[in-house]
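Everything below concerns the one structure shown next.
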Amino acid sequence: MTRTYWAAGTAVLLALLFAVAATVASASGGDGEGDGSGTPARAPGLYSPDAGFARDMAVHHQQAVEMSFIVRDRTKDEPVRGLAYDIANTQANQRGMLLGWLDLWGLPKVVAGEPPMSWMGTADQHGGHGAAGHDMSGHDMSGHDTAGGDMAGHDMGGATAKPGALMPGMATKEELAQLGAAEGRDAEVLYLQLMTDHHKGGVAMAQGCAQQCETPAERALARGMVEAQQSELTLMADMLKQRGAAPRG
């Protein structure tokens with residue numbers, strides 16, 4: 001895990017430079033896309049889709065990095081090891097960008113009592129960028145077992161997490177343990193199946209930000225995530241077929 005934290009920490013420092021430039025450009029009146037939409041230059045609010053996506057996807061990405069490092073130690077298959085390296089490198093850097101934006105916006109990386117993915121479908125309710133002082137007293141936050149990390153059965157932007165998983169697509173502790181104990185082909189197949197589920201959940205989240213986030217650079221990042229992960233889903237389906245397996249359910 002030391003390598004994981006080193007990669008993520010390095011990515012945060014690198015991402016700060018990019019995020020500063022993007023934020024300055026937005027504050028200067030440019031929207032980063034040249035569409036003349038007049039996006040507000042003020043920082044996103046605490047419960048805005050921009051902030052919620054950054055927090056949730058940072059957590060989602062961290063598990064993908066962890067799984068990728070695990071499988072690289074469990075197989076000598078170069079195609080799988082190469083894919084795992086690419087995913088770990090890409091998602092560690094993207095995670096750094098997301099955490100860097102939260103730092104620049106002066107927002108916390110964790111909000112107590114906030115159910116995962118509660119930002120999806122809330123652009124109108126929380127006022128987007130202007131939600132910094134939003135009163136959550138009108139929202140029922142009870143019944144969400146966030147402390148136990150199990151959000152199974154709760155509606156998260158139209159997606160549902162499986163029992164034991166924090167967010168849709170994420171692996172459970174038991175599945176991570178299985179991956180860590182597997183070797184060779186078994187490890188390869190389980191990794192590809194878990195990462196396929198993980199990417200499907202990530203694509204749904206990124207599509208939500210692409211539709212709702214107001215920060216141009218963050219919307220562009222989300223769209224890039226959708227395109228890249230959909231391409232990797234096709235690749236992983238082919239890799240599973242080559243190993244006599246298929247994506248789960």
Side-chain angles (χ1 to χ4, degrees), residues 1-22 53-104 109 166-171 175-176 179-180 182-184 187-207 209-210 213 215 217-240 242-243 247:
M1 293 299 294
T2 301
R3 290 174 297 178
T4 300
Y5 289 121
W6 178 88
T10 302
V12 170
L13 295 177
L14 293 174
L16 282 172
L17 297 176
F18 174 84
V20 166
F53 174 75
R55 286 190 292 267
D56 285 347
M57 190 57 86
V59 173
H60 208 269
H61 272 19
Q62 177 63 20
Q63 188 182 75
V65 173
E66 179 183 357
M67 290 194 297
S68 296
F69 276 123
I70 290 175
V71 79
R72 281 178 59 83
D73 293 333
R74 307 308 298 173
T75 180
K76 295 182 179 180
D77 183 83
E78 286 306 317
V80 171
R81 286 171 56 85
L83 173 65
Y85 176 83
D86 289 343
I87 290 176
N89 186 57
T90 297
Q91 298 209 15
N93 278 279
Q94 290 175 344
R95 182 174 184 270
M97 293 174 67
L98 296 167
L99 295 177
W101 279 324
L102 288 170
D103 284 339
L104 286 171
K109 299 177 180 64
L166 183 63
M167 284 179 268
M170 292 188 69
E175 289 172 328
L176 292 177
L179 180 62
E183 293 184 2
E188 297 161 19
V189 169
L190 182 55
Y191 171 76
L192 292 169
Q193 290 175 332
L194 291 175
M195 192 59 72
T196 293
D197 293 343
H198 204 271
H199 271 24
K200 289 178 179 177
V203 166
M205 291 172 62
Q207 287 173 331
C209 177
C213 291
T215 304
E218 191 175 17
R219 286 202 309 271
L221 176 64
R223 287 195 295 268
M225 289 179 185
V226 171
E227 295 175 0
Q229 293 193 25
Q230 286 178 335
S231 177
E232 287 174 344
L233 282 170
T234 300
L235 173 61
M236 290 190 289
D238 290 340
M239 295 176 74
L240 282 168
Q242 293 169 2
R243 290 162 178 76

Side chain to side chain contact (heavy atoms under 4.5 Å, CB included) between Trp101 and Leu221, intermediate numbers included: CA-CA 12 Å; Trp101 279 324; Leu221 176 64; 3.6 Å; yes
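Taking each heavy atom of Ile87 and Ser68 in turn, the nearest pair found is CG2-OG, 3.6 Å. The heavy-atom pair separating Met225 from Ala206 by the smallest distance is CB-CB, 4.0 Å. His60 and Gly202 make their closest contact through CE1-N, 3.6 Å (heavy atoms, listed as atom of the first residue, atom of the second, distance). Between Met67 and Ala171 the shortest heavy-atom distance is SD-CB, 4.1 Å. The two residues Cys209 and Arg219 come nearest to each other via the heavy atoms O-CG, 4.0 Å. Of all non-hydrogen atoms in Val65 and Ala92, the two that sit nearest each other are CG2-N, 3.8 Å.
For His199, there are no ring-ring contact (aromatic ring centres under 6.0 Å, His included) partners at least two apart in sequence or on another chain. For the ring-ring contact (aromatic ring centres under 6.0 Å, His included) test, no residue two or more places apart in sequence or in another chain qualifies with His61. Listed by chain and number, the residues in a salt bridge (charged side-chain N to carboxylate O under 4.0 Å, His left out) with Lys200 amount to none (sequence neighbours excluded). Remark: Gln230 pairs with Val203, Gln207, Val226 by the side chain to side chain contact (heavy atoms under 4.5 Å, CB included) rule, at least two apart or across chains. In this structure Glu232 satisfies the salt bridge (charged side-chain N to carboxylate O under 4.0 Å, His left out) test with no other residue, sequence neighbours excluded.
Distance check, rounded to the nearest 0.5 Å: CG of Asp238 to CG of Leu233 gives 11.0 Å. If you take CE on Met239 and OG1 on Thr234, they are separated by 13.0 Å, rounding to the nearest 0.5 Å.
Taking 4.5 Å as the limit, every side-chain heavy atom of Gln63 sits out of range of all side-chain heavy atoms of Met195. Considering only heavy atoms from C-beta on, Val71 stays 4.5 Å or farther from Leu190 through its side chain. When side chains are defined from C-beta on, Tyr191 counts as touching Leu179, because their heavy atoms get closer than 4.5 Å. Counting only heavy atoms from C-beta outward, the side chains of Met167 and Met205 approach each other to under 4.5 Å.
A side-chain donor-acceptor contact under 3.5 Å links Thr196 to the backbone of Leu192.
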In a table with atom names and distances, give each donor-acceptor pair under 3.5 Å that connects a side chain of residues 74-86 to protein atoms at least two apart or in another chain.
{"from": "Arg74", "atom 1": "NE", "to": "Gly180", "atom 2": "O", "distance (Å)": "3.2"}
{"from": "Arg74", "atom 1": "NE", "to": "Ala182", "atom 2": "O", "distance (Å)": "2.8"}
{"from": "Arg74", "atom 1": "NH2", "to": "Ala182", "atom 2": "O", "distance (Å)": "3.3"}
{"from": "Arg74", "atom 1": "NH2", "to": "Glu183", "atom 2": "OE2", "distance (Å)": "3.4"}
{"from": "Thr75", "atom 1": "OG1", "to": "Asp77", "atom 2": "N", "distance (Å)": "3.0"}
{"from": "Thr75", "atom 1": "OG1", "to": "Glu188", "atom 2": "OE2", "distance (Å)": "2.6"}
{"from": "Asp77", "atom 1": "OD1", "to": "Arg243", "atom 2": "NH2", "distance (Å)": "3.4"}
{"from": "Asp77", "atom 1": "OD2", "to": "Val80", "atom 2": "N", "distance (Å)": "3.0"}
{"from": "Asp77", "atom 1": "OD2", "to": "Arg243", "atom 2": "NH2", "distance (Å)": "2.8"}
{"from": "Arg81", "atom 1": "NH1", "to": "Arg72", "atom 2": "O", "distance (Å)": "2.3"}

